[in-house]
Amino acid sequence: MVLASAPAKVILFGEHAVVYGEPAIAVAINLRTTVAIAKGKNFTVNGRPIEDKFHRYIKNSIDLLWRGDPLEIMTYSAVPSSSGMGSSASITVATVSALLHLNNALSEENVAKKSFEVEYITQGSASPTDTSTVTHGSGVLVSRKMNENFLWKIEKNGVKWYLHHLNIPSLKLVIGFSGIKGNTAMMVAKVRRFYRWNSFARDVIKEIGKITLSAVDALNNEDYETIGDLMNRNNRLLTILGVSHPKLRAMIQNASKYSYGVKITGAGGGGSIVALTDEQEEVAKAIEDAGGVAYIVEISRKGFIVEG
Ligand code: MEV
């Protein structure tokens, strides 16, 4: 039997813009998904026959990577699904790392690249931000060019992403889940339509890219005021792109009173917000007052873990 786990993630800067090759910054957080995989008589997930409809990421991981005997898979996840916290990347990376271990082909780069393939096949469109962050742990900078602390390069449909390790100070973050499930594929498609037909949308995407690059320096300098200010600016641009929701806005408004900065995180349209603060308890309460579910989180320095 093999046990594997992977963290969730939070995008601090650059979601959506990263799909078009702009930079993004994401961190792994201490909510994990665990899978246990053993050879068995039939392909099952949590005791039920594996089904495309319910187990898309696991099924596509198996289709891509496994040619052997049937597998019985058990899963446990502390990451709420469709919350913007990377539940799909987390289950994918945990499953892919376990399968690569069984294939004697386990390496961080292989996990990141195969997990991206699985997410891409399943969602129809994705950048490698979520899967690479969850694979590597800590912080990840996605950019157009190779810089120091380079990890790997991923290319799809003419877009090249260079993934880097990013040193992140120990940020005090609170996530507010709206309880409304976001649909990443739908939100990416919505922004893509806007991007294709509207030059203003293309300018907004470029501006998000600039904000993300400024955030790299602010994070290096541990300048929380500037990081927060940049988060607020990034949030305004995400709102212009049409990925906000009244419940996200209500949580952001409440949490702002106690935060350096607050923004939508992930695909939006529901899903979650992230706040940078010194007052995590107050922010958590403010989020709950607005009807959200609060998660006080820490950065996970560990990405995937496999125990043979
Ligand atoms: C989703 O967590 C982040 C998006 O930028 C999509 C992607 O990068 O695959 C919205």
Side-chain angles (χ1 to χ4, degrees), residues 7-18 22-31 83-86 129 133 137-142 166-178 204 207-241 243-268 271-301:
K9 62 83 204 181
V10 159
I11 298 184
L12 294 179
F13 294 96
E15 50 274 271
H16 286 291
V18 70
E22 293 296 334
I25 297 171
V27 294
I29 54 169
N30 62 334
L31 301 171
S83 62
M85 289 186 242
T129 312
T133 304
S138 267
V140 164
L141 168 69
V142 192
L166 188 67
N167 287 320
I168 298 272
S170 55
L171 303 173
K172 288 189 177 153
L173 300 173
V174 184
I175 297 171
F177 176 34
S178 61
V204 169
E207 191 58 32
I208 292 178
K210 286 188 198 149
I211 288 175
T212 303
L213 287 183
S214 309
V216 175
D217 292 333
L219 281 161
N220 272 334
N221 298 335
E222 298 188 30
D223 177 352
Y224 299 114
E225 298 280 351
T226 305
I227 301 166
D229 184 48
L230 293 166
M231 287 171 76
N232 293 336
R233 283 172 56 196
N234 192 161
N235 185 63
R236 283 196 284 278
L237 296 173
L238 285 168
T239 305
I240 293 172
L241 289 179
V243 301
S244 194
H245 182 281
K247 187 123 177 229
L248 297 177
R249 284 197 284 277
M251 289 193 293
I252 287 171
Q253 199 182 6
N254 271 14
S256 292
K257 293 171 210 155
Y258 310 100
S259 304
Y260 293 107
V262 195
K263 64 180 274 294
I264 297 163
T265 184
S272 295
I273 61 155
V274 58
L276 174 65
T277 180
D278 282 335
E279 298 171 81
Q280 285 170 305
E281 296 296 338
E282 283 79 356
V283 170
K285 184 164 181 322
I287 286 169
E288 296 195 339
D289 286 347
V293 182
Y295 295 81
I296 293 177
V297 296
E298 276 170 29
I299 292 173
S300 168
R301 303 286 162 190

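The side-chain contact (heavy atoms from CB on, under 4.5 Å) search around A250 returns A290, not counting sequence neighbours. With sequence neighbours excluded, the residues forming a side-chain contact (heavy atoms from CB on, under 4.5 Å) with S256 are I252, V262, listed by chain and number. In this view, Y258 satisfies the ring-ring contact (aromatic ring centres under 6.0 Å, His included) rule with no residue, not counting sequence neighbours. Residues satisfying the side-chain contact (heavy atoms from CB on, under 4.5 Å) criterion with N30, sequence neighbours excluded, are V297, E298.
Once rounded to the nearest 0.5 Å, the distance linking CG of L141 with CG of L213 reads 7.5 Å. Residue I264 holds its CD1 atom at 9.0 Å from CG of L241, rounded to the nearest 0.5 Å. With rounding to the nearest 0.5 Å, the separation of CD1 in I29 from OG1 in T133 is 11.0 Å. Here the straight-line distance linking atom NZ of K210 with atom CG of L230 works out to 13.5 Å at 0.5 Å rounding. Between I273 atom CD1 and K247 atom NZ the span is 11.0 Å, to the nearest 0.5 Å. Interatomic distance, S214 OG to L219 CG, rounded to the nearest 0.5 Å: 11.0 Å.
Scanning all heavy atoms of the two residues, the minimum distance from G137 to V140 falls at O-CG2, 4.3 Å. Residue S259 comes nearest to A275 through the heavy atom pair OG-CB, 3.6 Å, listed as atom of the first residue, atom of the second, then distance. In plain terms, the two heavy atoms of Y260 and N232 that are nearest each other are O-ND2, 3.7 Å. Nearest heavy atom pair, residue H16 against residue A267, reads NE2-O, 2.9 Å. Considering every non-hydrogen atom in both S178 and G271, the closest pair reads OG-O, 2.7 Å. Here the shortest heavy-atom pairing between A255 and V283 reads CB-CG1, 4.0 Å.
A distance-only check finds a donor-acceptor pair linking the side chain of S272 to the backbone of S83 [under 3.5 Å]. Remark: the backbone N or O of A218 is not paired with any side-chain donor or acceptor of D223 at under 3.5 angstrom.
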Give the C-alpha distance, both sets of side-chain angles, the deciding distance and a yes or no for side chain to side chain contact (heavy atoms under 4.5 Å, CB included) between R233 and R236.
CA-CA 5 Å; R233 283 172 56 196; R236 283 196 284 278; 3.3 Å; yes
Please walk me through it: do I208 and E22 pass side chain to side chain contact (heavy atoms under 4.5 Å, CB included)?
CA-CA 8 Å; I208 292 178; E22 293 296 334; over 6 Å; no
Test log, rule side chain to side chain contact (heavy atoms under 4.5 Å, CB included), inputs I287 and F177
CA-CA 9 Å; I287 286 169; F177 176 34; over 6 Å; no
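Identified under the salt bridge (charged side-chain N to carboxylate O under 4.0 Å, His left out) test for residues 7-16, with sequence neighbours left out: K9-D130, E15-K263.
Contact of the L248 side chain with the M251 side chain is registered, since non-hydrogen atoms from C-beta on lie closer than 4.5 Å.
Shown here is Q253, whose CD atom has no more than 12 heavy atoms of other residues, nucleotides or ligands within 6.0 Å.
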Side chains of residues 166-174: which donor-acceptor pairs under 3.5 Å do they make with residues two or more places apart or in other chains?
| unit_1 | atom_1 | unit_2 | atom_2 | d |
| --- | --- | --- | --- | --- |
| N167 | OD1 | H165 | NE2 | 3.0 |

